[in-house]
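Shown next, in structure tokens, is the structure this report addresses.
Below, each value reflects all heavy atoms present in this structure, side chains not excepted, and no hydrogens, waters or symmetry copies. Residue numbering restarts at 1 for every chain, and letters A, B, ... go by the order of the sequence lines. What you see is a predicted model; the values in this text were computed from it and never measured.
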Amino acid sequence: MKVILPDGSERALADGATGADLVNALGGRWAKKAVAVDVDGQVQDLAARLPEGAKVKLVDAESAEGLELLRHSAAHVMAEAILKVIPGTRLAIGPAIADGFYYDVEAPRRITPEDFPALEEEMQRIIKADVAFVRSERPRAEAVQKAELSGDKYKAELIRDLPEGTAISFYRSGDFEDLCRGPHLPSTRWVKAVKLLSVAGAYWRGDSKRQQLQRIYGTAFTDRKKLDEHLRLLEEAKKRDHRELGKQLDLFSTDEQIGPGLILWHPRLAMVRRTIEEFWWAEHYRRGYWPVYTPHIASEQIYRTSGHLENYAEMMYAPMDIDGAPYRVKPMNCPAHIKIYQTARRSYRELPLRYAELGTVYRYEPSGTLHGMLRVRGFTQDDAHIFCTPEQLAGEIEGVLDLVDTLMRAFGYTYRTFLATMPPKHLGTEEEWGRATEALRVALDRRGLAYEVDEGGGAFYAPKIDIKLLDSLNREWQGPTIQVDLNLPKRFRVEYVGADNAPHEVIMVHRAVLGSLERFIGGLVEHFGGAFPVWLAPVQVRVATLAERHAEAAAKVVAELRAGGLRVDEDCGAEKLGYKVREWSLAKLPYLAVLGDKEIAEGVVALRSRARGDEGKVTVSDFIARAQREIREKTIEAKKED
RNA sequence: GCUGCAGUAGCUCAGCCGGUAGAGCACGUCCUUGGUAAGGACGAGGUCCUGGGUUCAAGUCCCAGCUGCAGCUCCA
């Protein structure tokens, strides 16, 4: 028999050959890293027979697919260990997830992290034993019966719910057998480095009305080093948690008397926000946007017209009675922008119109989802709506993509771009969707932007471009979004007069680059670990005195730095210099300018920078020039290990 | 919202079996006037989340609420 390799060449194998035979035939490095085989686009066990003429590709343990297999197999190993260590446990489901795996179980007692060492030890034993994962299939009735006999009610339910005609497969490794679609690693020894991370409650099938199970999370890698690196990143992420840094650096708080999910911006973080806002506005003015302001509350009527009240009511704050009429705190800015547009009869000659607002909105998010600044109930959107003609659409999208790139670069984010297309449930005609989606595609192509298509991932009212940010810890964040709204122009009858002197429905683009300032800036805190680059830092330079007699000279230097446009504070207390350096360092400020007798005599400061440490003497004017350049260029200094 | 856990000084936390609350840092005053990651002494600071209950007695035990944290989506 023959199979076709990825390079297009054919490979002859003995009849009935398996993936493992292919590995042997190819030999060399594959023997060390092949864990499965991709047969015509389907990943299968190495033990599976290869069909004649199939296109085959071996799956590297290090690849995304390989890691997923490895983690899924690790979940099985963990399940086996749990059954051994905590007898009487019933297994529910145990998939691989983004950075690891979990298994949901119903255990006779509470499982805690104290159980992890024993579980991990048992897992190591299983891994060392190097037992093969062996697939078998069983008829439905037999499978259900077997599951019920052994008391595996969750497995029994899963099997019953599998669609008629699907193969019901099991994987056995040693004494342990689990219902599983597969595929799996060839044997347990491939699960090289594994670690259990946490345990939490989870509902059977995600349904809060059903049995609550215990979910044990873990992760696995192909070797110890990679696992350690992953654990280090987790550690680092914890240290950078914006809620912790928010307290340490005095950035923000919430208050019980004010309410959950409502952020108090302290002076330092408010300064960061102002700096971002000013930059944001400057970039918008350059691109022909106009500022608008709209009220925080509005009569319910507008949300009836917009449809928000119909589809979105449980996410809105309750109405308040204003002179007998129900009013709402605004959950969106768009309806108000439309109202501004509609105050005049618009000609195609004045389009595109670009309205921008940093509009604060309030949404009644479920209490359990609130999370620091990242998930809140009151937040400011960097919202803008572009009203244009169909012919202008692609060009406008291009303009937004350019804006996105400028802003994201300034913060040091790289990003990935997705084109999200029509979902199964949608408003509007396929033709409208086609035209709008095409315009997005054209804009992406014209900018030469690589993108992935998220088939069916659009909002029900809009195809969109979604951009995901990659931060300094390689974590993904929800980033800019650009949507072609196919709903509101109709609901509000938003029109312009065309060259033909007839009314036409306007094209409305809804776009946010930063998203919510709360979420974005909360994310920035983590991205920079609280150490904002010079252009963003709330205090760019601190002036510290060596002794109290230098205070007067310090005041002069502070004034000079302020006159040079820098954000400055001073530390003229009676503490020793070492103490002040430590304080400055913990505050994560970019520069410290020290003044003692020598500096005053020479008319300089002794400069210390976050990036390079003690830099020696510089004149104030030289320092101002340097800081100004870094601000202008939005320099992000290389990280210094601390 | 649901489940579990937590809430003690501004912050981080200790407080045993129920017997009227403690440390470090921060803060204030004083001494020290110093050269690149914590100088010293003294002091002030508490509705122990809120409200009920049990008890001679509650930070501690019970109930309810509030707030926070984790999870509840990533298809056997």
Now, which nucleotide makes the Watson-Crick or G-U wobble pair with B:U47, with each of the two distances under 3.5 Å?
-> none
Identity of whatever pairs with B:C5 - Watson-Crick or G-U, under 3.5 angstrom | B:G68
Return the nucleotide paired to B:U73: Watson-Crick means purine N1 to pyrimidine N3 with N6-O4 or O6-N4, wobble means G-U with N1-O2 and O6-N3, both under 3.5 Å.
-> none
Using atom P of each nucleotide, how far apart are B:C49 and B:C13 to the nearest Å?
-> 15 Å
What is the distance from atom OG of A:S609 to atom CZ of A:F623, rounded to the nearest 0.5 Å?
-> 9.0 Å
Under 4.0 angstrom, heavy atoms only, what part of the nucleic acid is A:R215 near: base, sugar-phosphate, or nothing?
-> sugar-phosphate
What interatomic distance, in whole Å, is found between P of B:G65 and the corresponding atom of B:A23?
-> 36 Å
Distance col, row A:Y362:OH vs A:L262:CG, nearest 0.5 angstrom, shows 7.0 Å
If you measure from CE on A:M123 to CE on A:M78, what distance do you get to the nearest 0.5 Å?
-> 6.5 Å
Heavy atoms under 4.0 Å, any strand shown: does A:P260 hit a base, just sugar-phosphate, or nothing?
-> sugar-phosphate
Could you measure between the two C1' atoms, the one in B:U67 and the one in B:U50, and give it in whole Å?
-> 10 Å
How far, in whole Å, is B:A21 from B:G39 if one measures between their C1' atoms?
-> 31 Å
With heavy atoms under 4.0 Å as the rule, sort A:Y217 into base, sugar-phosphate or nothing.
-> sugar-phosphate
State whether A:R582 places a side-chain N or O below 4.0 Å from either non-bridging phosphate oxygen (OP1 or OP2) of B:A26.
-> no
More 5' along RNA chain B: A:G259 or A:K155, using each one's nearest nucleotide?
-> A:G259
Before accepting this row, confirm whether a basic side-chain N of the pair A:D597/A:R549 lies closer than 4.0 Å to the acidic partner's carboxylate O.
-> yes
Could you check whether A:G578 gets within reach of a base, just the sugar-phosphate, or nothing at all, counting any heavy atom under 4.0 Å?
-> sugar-phosphate
Taken to the nearest whole Å, CD/A:Q257 to P/B:G68 is 14 Å
Output every pair passing salt bridge (Lys or Arg N to Asp or Glu O under 4.0 Å) with a member in residues 250-264 of chain A, not counting sequence neighbours, ordered by first then second residue.
-> none
Return the nucleotide paired to B:G34: Watson-Crick means purine N1 to pyrimidine N3 with N6-O4 or O6-N4, wobble means G-U with N1-O2 and O6-N3, both under 3.5 Å.
-> none
From CD of A:E137 across to C1' of B:A76 the rounded distance in Å is 13 Å
Base, sugar-phosphate, or nothing for A:A574, non-hydrogen atoms under 4.0 angstrom?
-> base
May I have the distance from A:E365 (atom CD) to B:U67 (atom P), rounded to whole angstrom?
-> 15 Å
Between B:G22 and B:G15, how far is it from one P atom to the other, in whole Å?
-> 15 Å
Under 3.5 Å on both distances, the Watson-Crick or G-U partner of B:A58 | none
Look at the aromatic rings of A:H371 and A:H242 and report parallel, tilted or perpendicular, splitting at 30° and 60°.
-> tilted
From A:E157 atom CD to A:D152 atom CG, the distance as rounded to the nearest 0.5 Å = 12.5 Å
Base-pairing mate for B:A41 - Watson-Crick or G-U, with both contacts under 3.5 Å = B:U29
Closest listed nucleotide, where the reference is the side chain of A:L158 and the choices are B:A76, B:G34, B:U36 = B:A76
Under 4.0 Å between any heavy atoms, over every strand shown, what does A:D597 touch: base, sugar-phosphate, or nothing? Just pick one.
-> base
How close or far is atom C1' of B:U36 from atom NZ of A:K617, stated in whole angstroms?
-> 14 Å
Determine the interatomic distance between C1' on B:C11 and the same-named atom on B:C2; round to the nearest Å.
-> 32 Å
Euclidean distance, atom CG of residue A:L589 to atom P of B:A37 [Å, nearest integer] = 16 Å
Does A:R328 count as lying over the ring of A:Y317, i.e. NZ or CZ under 6.0 Å from the six-ring centre, within 45 degrees of the axis?
-> no
To the nearest angstrom, how far is A:L197 atom CG from B:G71 atom C1'?
-> 14 Å
Considering only atom P, compute the distance from B:U55 to B:G18 and round it to an integer number of Å.
-> 16 Å
Within the pair A:R549 and B:G34, is there a side-chain N or O less than 4.0 Å away from OP1 or OP2?
-> yes
Charged N to carboxylate O below 4.0 Å: is that the case for A:R612 and A:E637?
-> no
With a non-hydrogen cut-off below 4.0 angstrom, is A:A96 in contact with a base, only sugar-phosphate, or nothing?
-> sugar-phosphate
Between B:G7, B:U36, B:C75, which one does the side chain of A:E256 approach most closely?
-> B:G7
Winner on side-chain proximity to A:L546, out of B:A37, B:A76, B:G34, is B:G34
Is A:E177 salt-bridged to A:R138, going by a charged N under 4.0 Å from an acidic O?
-> yes
Rounded distance in Å - CD (A:E583) to P (B:C27) = 7 Å
Where does the angle between the aromatic ring planes of A:F221 and A:H230 fall among parallel (under 30°), tilted (30 to 60°) and perpendicular (over 60°)?
-> tilted
Relative to the 5' end of RNA chain B, which residue comes earlier, A:E575 or A:Y364, by the nucleotide with the nearest heavy atom?
-> A:Y364
May I ask you to evaluate whether A:R181 reaches the phosphate of B:C75, defined as a side-chain N or O under 4.0 Å from OP1 or OP2?
-> no
Pair A:E526 + A:R243: basic N to acidic O under 4.0 Å = no
Would you list the protein and nucleotides 9-12 of chain B atom pairs, both N or O, that sit under 3.5 Å from each other?
from  : atom 1 : to     : atom 2 : distance (Å)
B:U12 : OP1    : A:K247 : NZ     : 2.8

In whole angstroms, how far is the P atom of B:G71 from the CZ atom of A:R375?
-> 13 Å
Under 4.0 Å between any heavy atoms, over every strand shown, what does A:I93 touch: base, sugar-phosphate, or nothing? Just pick one.
-> sugar-phosphate
Between B:A14 and B:A9, how far apart are the P atoms? Round to whole Å, please.
-> 12 Å
Considering only B:G34, B:C69, B:C75, which nucleotide approaches the side chain of A:R243 most closely?
-> B:C69
Base, sugar-phosphate alone, or nothing: which one does A:T369 contact when heavy atoms must sit under 4.0 Å apart?
-> base
Is there a Watson-Crick or G-U wobble partner for B:C17 with both distances under 3.5 Å, and if so, which one is it?
-> none
Under 3.5 Å, is there an N or O donor on one side and an acceptor on the other linking the side chain of A:E599 and the base of B:G35?
-> yes
Given that both distances must come in under 3.5 Å, which nucleotide forms a Watson-Crick or G-U wobble pair with B:G24?
-> B:C11
Can you tell me if the side-chain N/O atoms of A:H371 get under 4.0 Å from OP1 or OP2 in B:A70?
-> yes
Between A:Y102 and B:U73, is there a side-chain N or O to OP1/OP2 distance below 4.0 Å?
-> no
Name the nucleic acid region contacted by A:K598, choosing base, sugar-phosphate or nothing; use a 4.0 angstrom heavy-atom cut-off, strictly under.
-> base
B:G40 phosphate, OP1 or OP2, under 4.0 Å from A:Y579 side-chain N/O | no
